[in-house]
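Whatever order the structure lists ligands and atoms in, that order sets their numbers, starting from 1. Only a predicted model underlies this, so the values are computations on that prediction, with no experimental measurement involved. All residue numbers in this chain count up from 1 along the given sequence.
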Amino acid sequence: MASPTVPSGADGAVLVVGGAGYIGSHACKALAEAGRRVVVYDNLSAGHRAAVRWGPLVEGDIRDEARLASVLRAERIAAVLHFAAWSLVGASVKDPSGYYRNNVEGTLSLLRAMAAEDVRCLVFSSTAAVFGNPERTPIDEAHPTRPINAYGETKLAIERALPHVERAYGTRSVVLRYFNAAGADPDGDLGEDHRPESHLIPLAIDAARGGAPLHVFGQDYPTPDGTCLRDYIHVTDLADAHLLALARLESGGASATYNLGNGRPFSVLDVIGAVAEVSGRRVPWVPGPRRDGDPAVLFAASGRIEEELGWHPRFREPAGIVETAWRWRAAHPAGYVD
Ligand SMILES: NC(=O)c1ccc[n+]([C@@H]2O[C@H](COP(=O)([O-])OP(=O)(O)OC[C@H]3O[C@@H](n4cnc5c(N)ncnc54)[C@H](O)[C@@H]3O)[C@@H](O)[C@H]2O)c1
């Protein structure tokens with residue numbers, strides 16, 4: 001039976017594809033707390049068995065269409081949240097065909113399996129990387145999409161395919177373009193454990209804990225302190241957005257695309273300051289040159305999802321976001337132990 005917070009008709013299970021990963025695992029917890037039955041489908045190429053705690057884990061690859069179809073059927077899946085992708089910009093530049101195979105072919109295989117099994121609701125994880133170098137900030141949904149790396153192109157390819165898929169198969173979708181996901185489950189149940197880690201907050205935390213010093217790429221940007229400004233959105237705020245997106249689709253709402261960020265830019269030095277404040281430790285960092293393709297300022301206009309779905313981020317300040325990440329890392333110094 002569905003919980004009272006779930007819209008009518010939303011009593012089937014949700015397949016969380018990529019649910020052993022960072023954002024997907026937090027979404028699983030939010031779904032379970034909303035009374036949904038959760039099944040995770042993940043090949044564990046980047047995820048963690050120990051992060052799957054709110055439903056069974058089916059180990060499988062999204063390019064295995066037959067297996068996906070059999071899971072959708074056997075588990076009586078009503079909707080899919082699709083997080084599974086490779087998402088390292090540098091690796092995507094070195095291995096574009098691998099990225100197209102995993103992110104584009106894999107998603108097309110999922111969409112075919114869903115159509116074959118009559119599963120017609122999809123929430124798709126997209127990214128700010130679809131915009132490339134911004135023409136203006138904050139970045140709203142009308143901003144031109146011109147990715148500057150293969151990763152962003154693979155996500156945009158799926159965004160562009162979805163209207164065609166809807167026309168042909170009737171699959172409705174909500175595309176969520178996240179900016180920088182950050183933080184950890186406030187209860188300490190889940191955290192961020194990418195290997196290799198490329199995200200600023202966990203790297204700054206590890207530096208404060210005695211790991212390698214943080215590299216700060218560029219101090220001569222046209223920003224107040226010379227370092228890049230970015231938009232950090234807390235992972236549980238992201239998870240909430242997925243529940244709202246799912247509710248829209250399951251109550252018969254139309255397909256939509258939303259930018260999803262905190263809407264308030266923070267500099268690299270702001271983040272370093274927040275880690276120092278929360279931890280009471282110094283964050284050793286070394287200056288480095290700018291990286292190719294790093295725009296000075298990137299932050300989201302999330303007004304559309306706020307107005308249409310009633311989404312509001314609960315975490316606004318870097319210290320609040322960092323505090324959850326710090327606590328999880330302190331309790332899990334080696335990350336997940338699978
Ligand atoms: N982390 C961010 O800041 C961020 C920002 C924008 C967009 N995104 C997107 O959000 C999604 C989730 O990001 P994340 O940080 O949680 O990543 P993650 O690497 O932690 O999780 C991705 C999960 O997908 C799985 N996976 C990958 N390829 C697969 C395949 N072929 N078959 C089955 N499982 C597969 C991995 O094992 C992993 O568990 C990704 O699609 C990413 O592109 C992330």
Side-chain angles (χ1 to χ4, degrees), residues 15-29 39-52 57-65 67-68 71 80-89 91-92 95 98-110 113 122-131 139 147 149-159 175-185 190-203 230-239 241-242 258-262 298 300 321 325 335-336 338:
L15 189 69
V16 182
V17 179
Y22 170 46
I23 306 168
S25 59
H26 286 78
C28 289
K29 180 175 178 182
V39 178
V40 170
Y41 187 93
D42 198 298
N43 68 359
L44 299 180
S45 57
H48 305 277
R49 200 179 291 282
V52 183
L57 168 66
V58 178
E59 268 186 74
D61 195 290
I62 48 172
R63 288 163 291 183
D64 188 343
E65 188 180 329
R67 183 156 167 69
L68 271 170
V71 173
V80 174
L81 305 190
H82 174 31
F83 298 91
W86 293 344
S87 51
L88 293 170
V89 167
S92 82
D95 178 22
Y99 267 68
Y100 274 84
R101 230 181 356 247
N102 200 56
N103 297 359
V104 179
E105 281 181 35
T107 302
L108 296 177
S109 148
L110 171 64
L122 174 78
V123 182
F124 175 63
S125 302
S126 190
T127 167
V130 298
F131 295 112
I139 300 175
N149 51 60
Y151 166 59
E153 287 286 3
T154 63
K155 293 287 184 174
L156 187 59
I158 296 302
E159 286 197 16
V175 171
L176 298 177
R177 295 167 171 159
Y178 326 146
F179 282 61
N180 297 282
D185 173 49
L190 297 162
E192 180 167 17
D193 183 6
H194 293 110
R195 299 177 196 181
E197 189 55 78
S198 62
H199 296 104
L200 177 61
I201 291 175
L203 290 174
R230 292 290 180 271
D231 184 324
Y232 299 93
I233 173 167
H234 195 270
V235 66
T236 56
D237 287 329
L238 276 179
H242 286 77
Y258 298 112
N259 291 358
L260 207 46
N262 182 344
L298 269 182
I321 295 173
Y336 287 110
D338 286 323

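Ligand 1 has an N or O atom lying under 3.5 Å from an N or O atom of Gly21, backbone or side chain. Annotation: His48 places no N or O atom under 3.5 Å from an N or O atom of ligand 1; distance criterion only. Geometrically, ligand 1 and Ser45 share a nitrogen or oxygen pair separated by less than 3.5 Å. Below 3.5 Å of separation, one finds no N or O of Tyr41 facing any N or O of ligand 1. Polar contact check, Ile23 against ligand 1: a nitrogen or oxygen pair lies under 3.5 Å apart. Looking at ligand 1, you won't find any N or O of Tyr178 less than 3.5 Å from one of its N or O atoms. Polar contact check, Ala84 against ligand 1: no nitrogen or oxygen pair lies under 3.5 Å apart. Any N or O atom pair closer than 3.5 Å counts here, and Thr127 shares no such pair with ligand 1.
When the heavy-atom distances from atom 29 (C) of ligand 1 to Leu81, Val130, Leu88, Asn43 are ranked, the shortest goes to Asn43.
Listed by number with element, the atoms of ligand 1 under 4.0 Å from a non-hydrogen atom of Ser87 are 42 (C), 43 (O). Which parts of ligand 1 touch Ala20 is read off a 4.0 Å heavy-atom cut-off, strictly below it: atoms 39 (O). Close approach of ligand 1 to Gly47 (heavy-atom distance below 4.0 Å) involves ligand atoms 36 (C), 37 (O), 38 (C), 39 (O). The contact set between ligand 1 and Ser126, taken as ligand atoms under 4.0 Å from a residue heavy atom, comprises 6 (C), 7 (C). The contact set between ligand 1 and Gly60, taken as ligand atoms under 4.0 Å from a residue heavy atom, comprises 32 (N), 33 (C). Counting the atoms of ligand 1 from 1 in the order shown, those under 4.0 Å from a heavy atom of Tyr151 are 7 (C), 8 (N), 9 (C), 42 (C), 43 (O). In summary, the atoms of ligand 1 found under 4.0 Å from a heavy atom of Leu44, numbered by their order in the structure, are 37 (O). Annotation for ligand 1: atoms under 4.0 Å from non-hydrogen atoms of Gly18 are 23 (C), 24 (O).
Between the side chain of Tyr41 and the main chain of Asp61, a donor-acceptor pair closer than 3.5 Å is present. Side-chain atoms of Asp193 come within 3.5 Å of backbone atoms of Tyr336 as a donor-acceptor pair (strictly under, hydrogens ignored).
Taking 4.0 Å as the cut-off, Gly106 does not count as a neighbour of ligand 1 on heavy-atom distance. Distances from ligand 1 to the non-hydrogen atoms of Arg177 include no value under 4.0 Å.
In Asp42, the parts holding a heavy atom less than 4.0 Å from any atom of ligand 1 are both the side chain and the backbone.
Using bins of under 30°, 30° to 60° and over 60° for the plane-to-plane angle, the ring pair Phe83/Tyr178 lands in the tilted bin. The aromatic rings of Phe124 and His82 sit tilted, their planes meeting at an angle between 30° and 60°.
In this structure, Lys155 and Arg177 have side chains that are not in contact, with every pair of non-hydrogen atoms separated by 4.5 Å or more.
Judged purely by distance below 3.5 Å, without hydrogens or angles, the side chains of Asp185 and His26 never pair a donor atom with an acceptor atom.
Checked against Val52 for a side-chain contact (heavy atoms from CB on, under 4.5 Å), the options Leu44, Leu57, Val16 give a single hit: Leu57.
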